[in-house]
Amino acid sequence: MKRGELNKRPPAPVRRTRSVSDTSVRRSILAAMALLGVAAFLVLAGRLVKLMLVDHDYYEAKAISNQTRSTRVTASRGAVYDRNMELLAASSSVETIFLDPLQLRQNGVDLDLLAKNLAPILDISEDFIKEQAADTQMRYKVLKRRQGLEVCNQVRAFLNENDITGVYLEQDSLRYYPNGSVASQLLGFTNSDNVGSEGLEAYYNKTLQGTAGAVITTRGNNETEMLYSFEKYYRATDGSSLELTLDLTVQRALEKRMKDAIDAYDVQNGAFGIVMNCQTGEIVAMATLGGYDPNQYLTIANDKKSAELDALYDAAMQLPEGSARDEALDQYNDAVAEARLSQWRNRCVSDGYEPGSTFKLVTAAAALENIPDVQNRTFTCYGTYDLAGEVVVCNGVHGELDLEGAIAHSCNVVFAQLSEELGAGTLTEYAKKIGITDSVEFDGITTKKGHFDLSAAGTYETAWGAIGQYTDQINPCQYMTYLGAIANGGKAALPHIVDCVTYGSSTKYSASTESTGRLIDADTADAIAEMMHTAVVRTYGEWNFAGLYCGAKTGTAERSDGQAADALMVGFSMDDSYPLAFVVIVEGGGSGSGACAPVVSAVLSACVSELG
């Protein structure tokens, strides 16, 4: 070692000092990390609050859903009876076949075998069964609804023989109508889900359908039994039943005679009619011809219409595939839908009709209450009547006659003269007062409003309005109330069809008679009633009214389409034992007395036999 190296001292270490800026950065980072930690905690806490408190019910329901299986127990739909407890609608016990796709997969069920054997039994395609079985996200897939004992026994035999788990049968009910098409538009029907879709079945669906029950059982993962399991049964509550004021025998008589009238007069459009107890408002019969069988409500019942639709379909299928065929098939489907709606329609409540000369009963009431001593006046009919240069034509030359004779002979000339004296304002007032332009509400039904508008009418048009052949439209149920007012001294009973609602031996609802209040004066009502009886004696023939003391008025409503006029007859029995009002319309029937009188005669005879 060199001497110089012994005396050399090592250099002193350099001291490094921490800058103020480094310290600041570290503190900022720590603060940021702390803030992020707090924020993350708040987010997590918020999420936990949402899951545990806000969404508690939702996730609890999801957990219960995953751990339980619910099998529906169908409620039996209530029955419908006529006034004599004759069955009109009822439900029979059937079963619905469904499958559990997840369970089929977990149990390794051979879907080809399943489809091949179930398809012919259930009359469905193998592809449909495989499609339903492939949807493992669902636990309930229906194969066929409401099958009878024979089919269900075949399904059970196949399942048992092949030890298949995942296909089930559950109790269900099938609605049936033992009288076929009788009163079909009034009763309506239930759809494929057993829900009322038309008529009383729809109006009273909640009352009739009851409340379904269920069997709830717990299941673990892969359908295994849980350590703590249970099964709970919720009993189904059957629906209540309806007892109607309808009389099945009278209903059959009304429908049969209207059908005879249609056949006799080669009527293409149809007919409809109502019979009602005008003291209580009980509807004894209500029919629309051109009906259907509610047991097969999708089938077009009219043979001619069905053939037209078949021809429409065949023509569409002859077209090459493409937009033209698709458009033609759309037209076919629209025509089918229209035909179904038409045959389901209860025209007694949903439609109006031109009243023809039956409206003269309204004009007569206005005249009796507004023209002094009109009942004792004499009018002269020469067959025509001139109004401001336009001519009202009568159905004959009646010579001298009073108001009673004018009603008996349905004299247009007399009622044209009365319209001049009354004026459009008074006629409109009486149409409104009597309720012609209103609807009637009963048993969930709201009838179509009538129409009577003379606001734009001149003297000539007003005359035809008074005669009943201008823009007049009347609903049959509404006009029935006016007939009841004439028969009952000026006050009418509102119509109803449901007499009571029952559940077992208890009565949940019982109908009572409701009044319209006074529509016309008592003297006016009595005078018109006797005039209508005179029309029966002089014109229509007492033999057409089953020996009852009746009043009636016919009408002939001209059609704008060139077809034969519609025939009408309205009236009532003043016999205390049979206080019945009636309205019968035969479209295209021409003469009211010719087409409608035989219908009225048969119906009143049935009433005397059934209601006596």
Salt bridge or not for [X] and [Y], using N-O below 4.0 Å?
X      : Y      : value
Arg252 : Glu610 : no
Asp260 : Lys256 : yes
Arg345 : Glu198 : no
Glu282 : Arg83  : yes
Lys305 : Glu338 : no

Measuring only between side-chain heavy atoms, which start at C-beta, is [X] closer than 4.5 Å to [Y]?
X      : Y      : result
Tyr382 : His398 : no
Leu568 : Val584 : no
Leu403 : Phe415 : yes

Fill in: Trace of the side-chain contact (heavy atoms from CB on, under 4.5 Å) decision for Asn475 with Asp351
CA-CA 6 Å; Asn475 176 266; Asp351 287 4; 5.8 Å; no
For the residue pair [X] and [Y], does the interplanar ring angle fall in the parallel (under 30°), tilted (30 to 60°) or perpendicular (over 60°) class?
X      : Y      : answer
Tyr353 : Phe272 : perpendicular
Phe189 : Tyr292 : perpendicular
Tyr460 : Trp464 : perpendicular
Tyr332 : Tyr313 : tilted

Between the side chains of [X] and [Y], does any donor sit under 3.5 Å from an acceptor?
X      : Y      : result
Glu404 : Thr534 : yes
Glu400 : Thr378 : no
Asp575 : Ser573 : no
Lys360 : Ser410 : yes

Item to complete: Verify side-chain contact (heavy atoms from CB on, under 4.5 Å) between Glu201 and Arg175, making sure each step is shown before the conclusion.
Response: CA-CA 10 Å; Glu201 292 277 25; Arg175 199 64 163 171; 2.8 Å; yes
Worksheet item: Given the rule in the side-chain hydrogen bond (donor to acceptor under 3.5 Å, both in side chains) test, do Glu421 and Gln417 qualify, once you have shown the distances and angles that lead to the verdict?
Response: CA-CA 7 Å; Glu421 297 181 50; Gln417 293 180 54; over 6 Å; no
Practice prompt. Determine, stepwise, if the pair Lys508 / Ser240 fulfils side-chain hydrogen bond (donor to acceptor under 3.5 Å, both in side chains).
Written response: CA-CA 9 Å; Lys508 300 175 65 175; Ser240 298; 3.1 Å; yes
Discussion item. For the NZ atom of Lys449 and the CD1 atom of Ile474, what is their distance to the nearest 0.5 Å?
Written reply: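 Atom-to-atom, Lys449:NZ and Ile474:CD1 are 15.5 Å apart.
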Worksheet item: Which distance, rounded to the nearest 0.5 Å, do you find between the OG1 of Thr190 and the CG of Asn205?
Response: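 So the gap between those two atoms works out to 9.0 Å.
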Discussion item. Would the distance check show the side chain of Ser601 and the main-chain N or O of Ala597 forming a donor-acceptor pair, the cut-off being under 3.5 Å?
Written reply: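 Not a single qualifying donor-acceptor pair exists.
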Worksheet item: Taking the six-membered ring where the residue is Trp, are the ring centres of Phe452 and Phe359 under 6.0 Å apart?
Response: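 Yes; Phe359 has its ring centre under 6.0 Å from that of Phe452.
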